[in-house]
Amino acid sequence: MAETREPSTELKALDRLVGTWAVTGGAEGTVRYEWMPGRFFLSQHVALTQFGESVSGLELIGNLRPFGEPTGADVVSRFYDSNGNTFDYVYELDGDKLTIWAGAKGGPAYYEGTFGADGDTVTGDWVYPGGGGYASTMTRT
């Protein structure tokens, strides 16, 4: 008998991101989130300018499930950019607070933002080790 699976509760919570967003602050442009069929993976299409450089790419977000192994607990992602770079992240949505760690969960580089009451804005900051980072706001279009 085939195993019945469904996306994790933590991944389903990211449904709030689905749609197209205008990004302002330290990076400017648009991002678009959409579910892949089955809703086990959320894709993010990125078209931004950051630090004077164009950043475009695709991020796939979901729980890891290597062949023959159980599903991982964390919602993780890998971002692929048009310059051949890859970046790994961990997502967590707790109430209205969205945290995205660059690299490992709990690491020193992260984004922490809060959804507005209408659900159509997310305002927060990217924090980098050594005091770097920038403010960022996403507004649903």
- Query: Do the side chain of R140 and the main chain of V18 share a donor and acceptor less than 3.5 angstrom apart?
  - Reply: yes
- Message: Ring-plane angle category for Y134 and Y128, please: parallel below 30°, perpendicular beyond 60°, tilted otherwise.
- Response: perpendicular
- Item | Nearest-0.5 Å distance that lies between atom CG in L58 and atom OG in S77 | 10.0 Å
- Task: Return the orientation label for the F115 and W21 ring planes: parallel under 30°, perpendicular over 60°, tilted otherwise.
- Result: perpendicular
- When rounded to the nearest 0.5 angstrom, what is the spacing between CG in D94 and CD in E10? 10.5 Å
- Query: Can any side-chain N or O of D81 pair as donor or acceptor with the backbone N or O of N83 at less than 3.5 Å?
  - Reply: yes
- Message: With clusters defined by side-chain heavy atoms of hydrophobic residues (ILVMFWY) lying less than 4.5 Å apart, directly or transitively, does W101 cluster with V127?
- Response: yes
- Between NZ of K97 and CD of E92, what distance do you get to the nearest 0.5 Å? 7.5 Å
- Message: Can a donor-acceptor pair be found, under 3.5 Å and without considering hydrogens, that links the side chain of S43 to the backbone of E34?
- Response: yes
- Report the residue from V31, D120, T121, T30 that forms a side-chain contact (heavy atoms from CB on, under 4.5 Å) with M138. V31
- Message: Tell me if a side-chain donor or acceptor on N63 pairs with a main-chain N or O of D74 at a distance below 3.5 Å.
- Response: yes
- Can any side-chain N or O of T141 pair as donor or acceptor with the backbone N or O of T20 at less than 3.5 Å? yes
- Do other residues, nucleotides or ligands put more than 12 heavy atoms under 6.0 Å from the OH atom of Y110? no
- State the CH2-CG distance between W35 and L17, to the nearest 0.5 angstrom. 8.5 Å
- Item | Quiz item: cation-pi between R5 and F40, 6.0 Å / 45° | yes
- Message: Are the side chains of E59 and Y91 in contact, using a 4.5 Å heavy-atom criterion?
- Response: yes
- Query: When V75 is tested against each of I100, L93, I61, L64 for side-chain contact (heavy atoms from CB on, under 4.5 Å), which residue passes?
  - Reply: I61
